Protein chains: 2
Amino acid sequence: MSLSSLPEQIADRLRRDILRGDLAPGAAIKERDKAAHEGVSRTPMREAIRILAREGLVVLRPARSPIVADPSIKEVTDELVVMCELEVLSVRLACLHAPDDAVERIKSLNEQFGLEYAHRDMLDLFEMDMAFHRAIAAASGNAALERTHGAYLARLWRARYLSARERRSRDRVLTQHGAIVDALVARDPDRAAIATGAHLRDLVTNITAVMAGEDNSANETETRTRDTA
Amino acid sequence: MSLSSLPEQIADRLRRDILRGDLAPGAAIKERDKAAHEGVSRTPMREAIRILAREGLVVLRPARSPIVADPSIKEVTDELVVMCELEVLSVRLACLHAPDDAVERIKSLNEQFGLEYAHRDMLDLFEMDMAFHRAIAAASGNAALERTHGAYLARLWRARYLSARERRSRDRVLTQHGAIVDALVARDPDRAAIATGAHLRDLVTNITAVMAGEDNSANETETRTRDTA
DNA sequence: ATTGTCGATCTGGTATACCAAAATTGTTTG
DNA sequence: CAAACAATTTTGGTATACCAGATCGACAAT
């Protein structure tokens, strides 16, 4: 009995491995080996890899092993900018159209975050943060927006995870989320948009700083020119 | 020799068939038959179908033939709203960062559109319109934005195609594109954003009208509840 | 005549076998 | 000793065979 298909399950496992860093950026994913390792055949493994490729977590190279994506700072920043825009749109739409109980749910998510703040594991807190942002996208009532936003959220998991390790950034998150909730409750689209924009712009600077620090190697990902011998 | 892989070629062909309407919305795509018909095996056909599924052109159902997507008006509208936002962001960024030759290219694309306006087939004109919008996204210098915008453009091909058949909408497109180009050349982000927003909002109303007219049947796509007999 | 059930058949899911291109490595030669 | 070439091996791409679940029709019992 499977809630999701086998390829999706494999993709989920691989995604976790990639995002948690167990599979290093730049590492090759040999479909034969991986399939054998997971105890499945190549076909579903292949499909799982394609799923992650579409998500941008692995890059496919013609006639070569797929490798774990190793996005440059610019690429991550670009993605963050887009996600920011999507979330601002979400919160605007949510102000206008979201039913009250959706707003209430978002509010309670943030309150819960405040409560559990001290006790919980960083990873749990992080999941709660994700849930908060996801809830806002869902509250927009725009399914396409929710999907695309979710895709970006997933792709940026790792970068956001790195950023969230900074302790001082966490309470800033809390107050900023509070501001967003307030504007949402007041049904004030402009204020909500500003609050969301500020929150995500902070995230951009934070992530940029962290990535610049951690990762001094200049790395590219996409198509690189290859010289013939 | 293939510029793109076999599955992508198949996907391209299928996409054309779907978007042009040769494959009716709601029609089943049986991978065995289709593969035999195209003269390839099931594996690449399967992969091609998955590609289109990710693009939202076909929907996969568990243990059932994939079917051509038949989006409701709301779904299309939602997607248009998101694409609008993406393109507004694109044009803003393009105003700020695009190199002059990129702006020049956009300008010339629109001029060419104006020139060929009379002689060319509607399909060609449509392709040129697509190229215009794509060029703006590319000029943003944000690869993620360009990708996502391109995905929406592809998915909305059919709806836009239906809309473009209205003759009177076409010269409005021309003037609106002109306004966008002017703002872009002047490097005025706000004016460009407004012009782009207006253009796409017109598109939304136009498409809504066309779809509501053409297609009176209330159609859903995603999960529909199925009553047991 | 209608309805319930069983089974043939059709469909997608998975495993595997085969192929062609590319990397690597070992050997040979300058 | 180094560089270049060739064969082997490794890899992903494709085709196909097999399996399980679902659908739909036929037949039988009421």
Side-chain angles (χ1 to χ4, degrees), chain A residues 1-14 18 23-24 26-69 221-229, chain B residues 1-14 18 23-24 26-69 221-229:
Chain A
M1 204 20 281
S2 64
L3 288 138
S4 55
S5 75
L6 180 55
E8 278 180 49
Q9 288 176 33
I10 301 169
D12 287 345
R13 248 174 313 196
L14 275 183
I18 292 173
L23 259 65
I29 301 179
K30 296 183 269 198
E31 63 180 44
R32 265 186 169 87
D33 298 3
K34 271 291 167 211
H37 183 266
E38 295 277 354
V40 298
S41 110
R42 283 177 60 200
T43 315
M45 172 59 69
R46 194 180 167 70
E47 207 163 293
I49 291 174
R50 301 310 158 116
I51 291 174
L52 297 180
R54 288 257 149 201
E55 291 177 6
L57 286 175
V58 309
V59 333
L60 267 37
R61 305 170 302 177
R64 209 67 141 281
S65 278
I67 58 176
V68 178
T221 298
E222 310 297 87
T223 48
R224 67 181 354 171
T225 56
R226 188 167 306 280
D227 7 57
T228 48
Chain B
M1 213 31 291
S2 63
L3 289 138
S4 55
S5 74
L6 180 56
E8 277 179 52
Q9 288 176 31
I10 301 170
D12 287 346
R13 245 172 317 191
L14 275 182
I18 292 174
L23 259 65
I29 301 178
K30 294 183 269 197
E31 64 180 44
R32 262 184 170 88
D33 297 2
K34 270 292 166 209
H37 183 265
E38 296 277 355
V40 298
S41 111
R42 284 177 59 199
T43 315
M45 172 57 71
R46 193 182 167 68
E47 210 163 291
I49 292 174
R50 300 311 157 115
I51 291 174
L52 298 180
R54 286 260 150 201
E55 290 177 6
L57 286 175
V58 309
V59 333
L60 267 38
R61 306 169 302 175
R64 210 65 141 284
S65 278
I67 58 175
V68 178
T221 298
E222 311 295 87
T223 48
R224 68 177 355 168
T225 55
R226 187 168 304 282
D227 8 57
T228 48

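Chain letters run A, B, ... following the sequence lines, proteins first, then strands; residues in each count from 1. Note that this is a predicted model, so its numbers are computed, not measured.
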Is any side-chain heavy atom of A:Glu55 closer than 4.5 Å to one of A:Ile18?
no
If you define the side chain from C-beta out and look only at heavy atoms, does anything of B:Glu47 sit under 4.5 Å from B:Ile10?
no
Ignoring the backbone of A:Asp33, work out which of D:dT11, D:dT14, D:dT16 is nearest its side chain.
D:dT11
Is there a donor-acceptor pair closer than 3.5 Å between any side-chain N or O of B:Arg46 and the backbone N or O of B:Arg50?
no
State whether A:Ser41 places a side-chain N or O below 4.0 Å from either non-bridging phosphate oxygen (OP1 or OP2) of C:dA15.
yes
Rounded to whole Å, please give me the gap between CD1 in A:Ile10 and C1' in C:dT14.
10 Å
Using the side-chain contact (heavy atoms from CB on, under 4.5 Å) rule, take A:Lys34 and A:Ile49 through it: C-alpha gap first, then chi angles, then the decisive distance, then the call.
CA-CA 10 Å; A:Lys34 271 291 167 211; A:Ile49 291 174; 5.8 Å; no
Return the value, rounded to whole Å, for the distance between atom NZ of A:Lys34 and atom P of D:dG12.
12 Å
Rounded distance (Å) that lies between atom P of D:dT11 and atom CD1 of A:Ile67
15 Å
Grab the CE-P distance between B:Met45 and D:dT16 for me, whole Å please.
14 Å
Looking for any heavy atom pair under 4.0 Å, which part of the strands does A:Ile29 touch: base, sugar-phosphate only, or nothing?
sugar-phosphate
Closest non-hydrogen contact found for B:Leu60 with B:Pro66 is CD1-CB, 3.9 Å
Closer than 4.0 Å, any side-chain N/O of B:Ser65 to the OP1 or OP2 of C:dG12?
yes
Would you classify A:Pro62 as touching base, sugar-phosphate or nothing, given that sugar-phosphate means primed atoms plus P, OP1 and OP2, and contacts are heavy atoms under 4.0 Å?
nothing
By nearest-nucleotide position on DNA chain C, the 5'-leaning member of B:Thr43 and B:Arg32 is B:Arg32
B:Arg61 CZ to C:dG12 P, in whole Å, measures 9 Å
Without decimals, in angstroms, what is the distance between B:Leu6 CG and D:dT14 C1'?
8 Å
Taking only side-chain nitrogens and oxygens of A:Arg46, does any of them come within less than 4.0 Å of OP1 or OP2 of D:dG13?
yes
Whole angstrom is fine here: how far is it from CZ in B:Arg50 over to C1' in D:dG13?
17 Å
Of the options C:dT14, C:dA15, D:dA15, whose atoms approach the side-chain atoms of B:Pro44 most closely?
D:dA15
Does a nitrogen or oxygen in the side chain of A:Arg64 sit under 4.0 Å from OP1 or OP2 of C:dA23?
yes
B:Lys30 NZ to C:dT9 C1': how many Å, rounded?
12 Å
